[in-house]
Amino acid sequence: QVQLAESGGGLVQAGGSLRLSCEASARTVLSYAMGWFRQAPGKEREFVTAISWGGRSTYYADSVKGRFTISRDNAKNTVYLQMNSLKPEDTAVYYCVADLRTAQRMGVVRDPASELNFWGQGTQVTVSS
(Lines give C-alpha, C1' and ligand atoms only; values in the text may rest on other atoms or scores of the structure.)
Protein backbone atom coordinates (compact mmCIF):
# COMPACT_ATOMS: atom_id res chain seq x y z
CA GLN A 1 0.00 0.00 0.00
CA VAL A 2 1.27 3.47 -0.91
CA GLN A 3 0.21 6.53 1.02
CA LEU A 4 0.49 9.95 -0.60
CA ALA A 5 0.60 13.23 1.30
CA GLU A 6 0.12 16.51 -0.54
CA SER A 7 1.22 19.91 0.74
CA GLY A 8 1.72 23.42 -0.52
CA GLY A 9 -1.80 24.50 -1.33
CA GLY A 10 -3.18 27.87 -0.31
CA LEU A 11 -4.60 31.18 -1.42
CA VAL A 12 -2.85 33.18 -4.12
CA GLN A 13 -3.73 36.10 -6.35
CA ALA A 14 -4.17 35.65 -10.07
CA GLY A 15 -0.82 35.69 -11.81
CA GLY A 16 0.93 34.26 -8.78
CA SER A 17 2.68 30.95 -8.21
CA LEU A 18 2.45 27.96 -5.92
CA ARG A 19 4.42 24.74 -5.62
CA LEU A 20 2.66 21.59 -4.52
CA SER A 21 4.51 18.61 -3.13
CA CYS A 22 3.46 15.00 -2.81
CA GLU A 23 5.48 12.66 -0.63
CA ALA A 24 4.99 8.94 -0.92
CA SER A 25 5.27 6.56 2.01
CA ALA A 26 7.09 3.74 0.27
CA ARG A 27 10.17 3.36 -1.87
CA THR A 28 8.16 1.13 -4.18
CA VAL A 29 6.67 4.32 -5.59
CA LEU A 30 9.86 4.63 -7.61
CA SER A 31 8.36 2.24 -10.13
CA TYR A 32 5.07 4.14 -10.30
CA ALA A 33 3.96 6.84 -12.69
CA MET A 34 2.87 9.88 -10.68
CA GLY A 35 0.47 12.64 -11.49
CA TRP A 36 -1.91 15.36 -10.41
CA PHE A 37 -5.65 15.69 -10.86
CA ARG A 38 -7.92 18.47 -9.69
CA GLN A 39 -11.56 18.88 -8.85
CA ALA A 40 -13.42 22.16 -8.67
CA PRO A 41 -16.78 22.48 -6.86
CA GLY A 42 -19.57 20.98 -8.93
CA LYS A 43 -17.19 19.61 -11.54
CA GLU A 44 -15.69 16.24 -12.32
CA ARG A 45 -12.17 15.35 -11.35
CA GLU A 46 -9.87 16.23 -14.23
CA PHE A 47 -6.38 15.31 -15.31
CA VAL A 48 -3.71 17.98 -14.87
CA THR A 49 -0.34 16.35 -15.47
CA ALA A 50 1.65 13.12 -15.15
CA ILE A 51 5.27 12.00 -15.10
CA SER A 52 6.81 8.62 -15.86
CA TRP A 53 8.58 6.64 -13.15
CA GLY A 54 12.01 7.75 -14.38
CA GLY A 55 10.94 11.34 -14.98
CA ARG A 56 11.77 11.30 -18.68
CA SER A 57 8.22 11.67 -19.96
CA THR A 58 5.68 14.27 -18.90
CA TYR A 59 2.12 14.95 -20.00
CA TYR A 60 -0.08 17.98 -19.47
CA ALA A 61 -3.67 19.00 -19.94
CA ASP A 62 -3.99 21.72 -22.56
CA SER A 63 -5.35 24.11 -19.95
CA VAL A 64 -2.08 24.11 -17.99
CA LYS A 65 0.56 23.70 -20.69
CA GLY A 66 3.24 26.35 -20.45
CA ARG A 67 2.17 27.33 -16.93
CA PHE A 68 2.55 24.17 -14.83
CA THR A 69 5.59 21.92 -14.51
CA ILE A 70 5.69 18.47 -12.95
CA SER A 71 8.91 16.97 -11.62
CA ARG A 72 9.98 14.20 -9.28
CA ASP A 73 12.83 13.51 -6.90
CA ASN A 74 12.96 9.76 -6.47
CA ALA A 75 15.60 10.06 -3.75
CA LYS A 76 12.95 11.83 -1.66
CA ASN A 77 9.94 9.81 -2.86
CA THR A 78 8.42 13.15 -3.85
CA VAL A 79 6.71 14.64 -6.87
CA TYR A 80 6.25 18.38 -7.33
CA LEU A 81 3.85 20.59 -9.24
CA GLN A 82 5.11 24.09 -9.95
CA MET A 83 2.17 26.29 -10.89
CA ASN A 84 2.85 29.69 -12.43
CA SER A 85 0.61 32.38 -13.92
CA LEU A 86 -2.29 31.03 -11.90
CA LYS A 87 -5.84 31.87 -12.94
CA PRO A 88 -9.08 31.87 -10.96
CA GLU A 89 -10.19 28.85 -13.00
CA ASP A 90 -7.29 26.89 -11.51
CA THR A 91 -9.10 26.96 -8.17
CA ALA A 92 -9.71 23.37 -7.10
CA VAL A 93 -8.67 20.61 -4.77
CA TYR A 94 -5.50 19.09 -6.20
CA TYR A 95 -4.90 15.37 -5.78
CA CYS A 96 -1.68 13.45 -6.13
CA VAL A 97 -1.94 10.02 -7.74
CA ALA A 98 0.38 7.06 -8.24
CA ASP A 99 -0.18 4.23 -10.67
CA LEU A 100 1.76 1.19 -11.79
CA ARG A 101 0.83 1.70 -15.41
CA THR A 102 2.02 4.39 -17.79
CA ALA A 103 1.94 8.12 -17.12
CA GLN A 104 0.42 8.66 -20.54
CA ARG A 105 -2.56 6.53 -19.52
CA MET A 106 -3.47 8.89 -16.68
CA GLY A 107 -4.68 11.47 -19.13
CA VAL A 108 -7.12 9.14 -20.86
CA VAL A 109 -8.70 6.95 -18.18
CA ARG A 110 -12.49 7.27 -18.08
CA ASP A 111 -12.92 6.89 -14.34
CA PRO A 112 -9.67 7.94 -12.67
CA ALA A 113 -10.92 7.48 -9.12
CA SER A 114 -11.45 3.77 -9.70
CA GLU A 115 -8.86 3.06 -12.39
CA LEU A 116 -5.74 4.58 -10.81
CA ASN A 117 -4.03 2.82 -7.94
CA PHE A 118 -3.37 5.33 -5.14
CA TRP A 119 -4.63 8.80 -4.25
CA GLY A 120 -3.72 11.45 -1.74
CA GLN A 121 -6.26 13.33 0.36
CA GLY A 122 -5.95 16.50 -1.70
CA THR A 123 -4.84 20.06 -1.06
CA GLN A 124 -6.90 23.17 -1.73
CA VAL A 125 -5.66 25.77 -4.18
CA THR A 126 -7.62 29.02 -4.37
CA VAL A 127 -6.78 31.73 -6.88
CA SER A 128 -8.40 35.10 -6.32
CA SER A 129 -9.08 37.53 -9.13
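Both backbone and side-chain heavy atoms feed into the values below; hydrogens, waters and symmetry mates do not.
In this structure, NZ on Lys87 lies 14.0 Å from OG on Ser129, to the nearest 0.5 angstrom.
The shortest non-hydrogen separation linking Ala24 to Val2 is CB-CG1, 4.3 Å. When all heavy atoms are compared, the tightest approach of Val12 to Leu18 is CG1-CD1, 4.0 Å. Nearest heavy atom pair, residue Ser17 against residue Ser85, reads OG-N, 4.4 Å. When all heavy atoms of Ala40 and Ala92 are compared, the closest pair comes out as N-CB, 3.8 Å. Gln1 approaches Ser25 most closely through the heavy-atom pair O-OG, 4.2 Å.
A side chain to side chain contact (heavy atoms under 4.5 Å, CB included) with Ile70 is found for exactly one of Leu20, Val48, Thr49, namely Thr49.
Take Gln39 and apply the side-chain hydrogen bond (donor to acceptor under 3.5 Å, both in side chains) test, not counting sequence neighbours, and it matches Arg45. In this structure Tyr94 satisfies the ring pair (Phe, Tyr, Trp, His ring centres under 6.0 Å) test with no other residue, sequence neighbours excluded. For Gln3, there are no side-chain hydrogen bond (donor to acceptor under 3.5 Å, both in side chains) partners two or more places apart in sequence or in a different chain. With sequence neighbours excluded, no residue forms a side-chain hydrogen bond (donor to acceptor under 3.5 Å, both in side chains) with Gln104. With sequence neighbours left out, Glu115 forms a salt bridge (Lys or Arg N to Asp or Glu O under 4.0 Å) with Arg105. The side-chain hydrogen bond (donor to acceptor under 3.5 Å, both in side chains) check on Gln82 picks up Asn84, with sequence neighbours excluded.
Sorted by first and then second residue, the ring pair (Phe, Tyr, Trp, His ring centres under 6.0 Å) pairs involving residues 103-129 (not counting sequence neighbours) are Tyr32-Phe118, Phe37-Trp119. Sorted by first and then second residue, the pairs that involve residues 65-77 and meet side-chain hydrogen bond (donor to acceptor under 3.5 Å, both in side chains), not counting sequence neighbours, are Arg27-Asn77, Asp62-Lys65, Arg67-Asp90, Arg72-Asn74. Applying the ring pair (Phe, Tyr, Trp, His ring centres under 6.0 Å) test to residues at least two apart or on different chains, none of the pairs has a partner in residues 53-73. Among pairs with a residue in residues 11-24, none fulfils salt bridge (charged side-chain N to carboxylate O under 4.0 Å, His left out), at least two apart in sequence or across chains. Contacts classified as disulfide bond (SG atoms under 2.5 Å apart) and involving residues 67-129 (residues at least two apart or in different chains) are given here: Cys22-Cys96. Under the disulfide bond (SG atoms under 2.5 Å apart) criterion, no residue pair touches residues 45-87, with sequence neighbours excluded.
The shortest side-chain heavy-atom distance between Ser52 and Thr102 does not fall under the 4.5 Å cut-off. Contact check for Leu4 versus Met34: side-chain heavy atoms found under the 4.5 Å cut-off.
Tracing side-chain contacts under 4.5 Å through hydrophobic residues (I, L, V, M, F, W, Y), one reaches Val93 starting from Met106; they form part of the same cluster. Connection of Ile51 to Tyr95 is not established within any shared hydrophobic cluster, with ILVMFWY side chains joined at heavy-atom distances below 4.5 Å, either directly or through further cluster members. Under the 4.5 Å side-chain heavy-atom criterion for Ile, Leu, Val, Met, Phe, Trp and Tyr, Trp36 and Leu86 are members of the same hydrophobic cluster.
A donor-acceptor distance shorter than 3.5 angstrom exists from the side chain of Thr91 to the backbone of Val127, with no hydrogens or angles considered.
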**Q.** side chain to side chain contact (heavy atoms under 4.5 Å, CB included) between Val109 and Arg101, worked out
**A.** CA-CA 11 Å; Val109 293; Arg101 288 152 290 194; over 6 Å; no

